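Since we're looking at a predicted model, the values are computed, not measured. First the proteins, then the strands, lettered A, B, ... as listed; each starts at 1.
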Number of protein chains: 2
Amino acid sequence: MNEMNVSLTPTEKKILQAATEVFLEKGRRGARMAEIARRAGINKALLHYYFRSKDRLYLMVFRLKIRQFFDEIFASLPQTDDIQEFTRQLISLYIEKLYRHNQVTQFILWELAQGGEELRHLFREALHGNQTPRVQYLVEKFRTAMERGEIARCDVVHLILTLVGASLYPFIAREVVETIYPDVQVLTPEFVEQRKQEVFRIVWNGLKPRT
Amino acid sequence: MNEMNVSLTPTEKKILQAATEVFLEKGRRGARMAEIARRAGINKALLHYYFRSKDRLYLMVFRLKIRQFFDEIFASLPQTDDIQEFTRQLISLYIEKLYRHNQVTQFILWELAQGGEELRHLFREALHGNQTPRVQYLVEKFRTAMERGEIARCDVVHLILTLVGASLYPFIAREVVETIYPDVQVLTPEFVEQRKQEVFRIVWNGLKPRT
DNA sequence: GTCTATAATAAGATAGAC
DNA sequence: GTCTATCTTATTATAGAC
């Protein structure tokens, strides 16, 4: 689950591993090259030999993780034509990925806190690049269902904001949530399953055709 | 809207103002004392004269803002006994505060990214201190309504996670959201009103008694 | 490729004059 | 209270030997 891309030398892998850890814990600015070197079992000079600067190293780590995350999601989009089932599986997939790629949610948090510039960059790239068909597939799916009257006409943007916000929040605010509700353990299969069901229930309530 | 507490000297106010700006932009570690001093129109020595260290200054700024935020919310909790109306007003109040105290959401983001230690501290303080009655007022309100059958029995924790997540997300991911949906402007009265309605609609769907 | 040593500078904190 | 000058340490980055 933690492998970096193959076709990297063992040293590069060690560095990326260590860098990931430190950037996650301390953030882009708070991270220290010396600590990354220490955890990778090498020295600072070698970091610069391989990645030239702290900034380049950060971008390498960050983009690798985020791309991997979204690639996995788009690679396994549900195929069913039943829009209710599609929605259920989509939410389940998204929350499952948030759960399994916990590092990614942490990176997203850091990025958002800094203004999200790198995230915007990646999104623009994805939207203008070869990800476009996959993104459009999603939008088309809902648009078609809406035209067919299989789901209610509604503001799709707000619905997506609700879906993403409700899914993401427990993972990014994990420590706080677990403090306020001591019997909640976010990173457990049980909680994740409950969350999938709850988000689907609430989103589908907002989608299903008015009767 | 931006005033710091009164009973502060003009210099202290200037410092807190400047510190707030810089900590918001750069985060706790990324912020530079020299820049805070420059924006406050003074020099570094004076910062330490008033606040002893960067850490103390940060905590002062952070706690001031967050306390003010939650105090305002708890001070104006809706009073109605109609649970539907109560829920509507509660969501409206929360989103309105997120909108008006945009700096607070930014601080919350930074804090969460760092693991939320300071936030946890404040919550524990609030839960064990004189805020307890107000917090319990909220919980009791929903519990009572549930016992009376005015709302469906459901997992209140998940409902609150949905409420908070759906409300908070557009504000913390503003830059990204506005990149993906170029016609959305989060910090406008129009969007804020739409969001209030949407979150209420979706939450109430999850609350209203099964028929 | 990997290391040691060191440069160059950035940053928090303080001393001491006024 | 406020300033200038300075200390001390941390930190990124590089030079140069092996």
Please list each protein N or O that sits under 3.5 Å from an N or O in nucleotides 15-18 of chain D, with the distance.
none

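- Note on B:H48: every side-chain N or O is 4.0 Å or more away from OP1 and OP2 of C:dT14.
- Between the CD1 atom of B:I36 and the P atom of C:dG12 there is a distance of 8 Å, rounded to whole Å.
- Rounded to whole Å, the distance from CZ on A:F51 to C1' on D:dT12 is 16 Å.
- Looking at heavy-atom distances under 4.0 Å, B:T9 makes no contact with the nucleic acid at all.
- Distances shorter than 4.0 Å separate some side-chain N or O of B:T11 from OP1 or OP2 on D:dT2.
- For the pair B:R29 and B:Q114, the minimum side-chain heavy-atom distance is 4.5 Å or more.
- In this structure, the CG atom of A:L47 is 15 Å from the P atom of C:dG1, given to the nearest Å.
- Among residues at least two apart or in separate chains, ring-ring contact (aromatic ring centres under 6.0 Å, His included) pairs with a member in residues 108-132 of chain B are B:F70-B:F123.
- Applying the 4.0 Å criterion to OP1 and OP2 of D:dT2, one finds that B:Y49 has every side-chain N and O outside that range.
- Between A:F200 and A:R195, every side-chain heavy-atom pair lies at or beyond the 4.5 Å cut-off.
- Distance CD1 (B:I15) to C1' (D:dT2): 11 Å, rounded to an integer number of Å.
- As rounded to whole Å, 16 Å separates atom P of D:dG1 from atom CZ of B:R52.
- Across the protein-nucleic acid pair, B:L46 atom CG and D:dG1 atom P stand 9 Å apart, rounded to whole Å.
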Between the protein and nucleotides 7-11 of chain C, which nitrogen or oxygen pairs come in under 3.5 angstrom?
from, atom 1, to, atom 2, distance (Å)
C:dA11, OP1, B:R32, NE, 2.4

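- Separation of atoms CZ (A:F142) and SG (A:C154) is listed at 9.0 Å; rounding is to 0.5 Å.
- The side chain of B:N43 has D:dC3 as its nearest neighbour among C:dT2, D:dC3, D:dA13.
- In this view, A:Y94 satisfies the ring-ring contact (aromatic ring centres under 6.0 Å, His included) rule with no residue, not counting sequence neighbours.
- For CE of A:M146, the number of neighbouring non-hydrogen atoms (other residues, nucleotides, ligands) closer than 6.0 Å is greater than 12.
- Annotation: side chain to side chain donor-acceptor pair (under 3.5 Å) contacts of B:R88 (sequence neighbours excluded): B:E85.
- Summarising the geometry, atom CD1 belonging to B:I36 is positioned 4.0 Å from atom CZ belonging to B:F23; distances are rounded to the nearest 0.5 Å.
- One atom, CG of A:L57, and another, P of D:dT11, lie 16 Å apart when rounded to the nearest Å.
- A ring-ring contact (aromatic ring centres under 6.0 Å, His included) check over residues 159-194 of chain B, counting only residues at least two apart or in different chains, returns the pairs A:H158-B:F191.
- Computed from coordinates, the A:Y50 OH to D:dA13 C1' distance equals 18 Å when rounded to whole Å.
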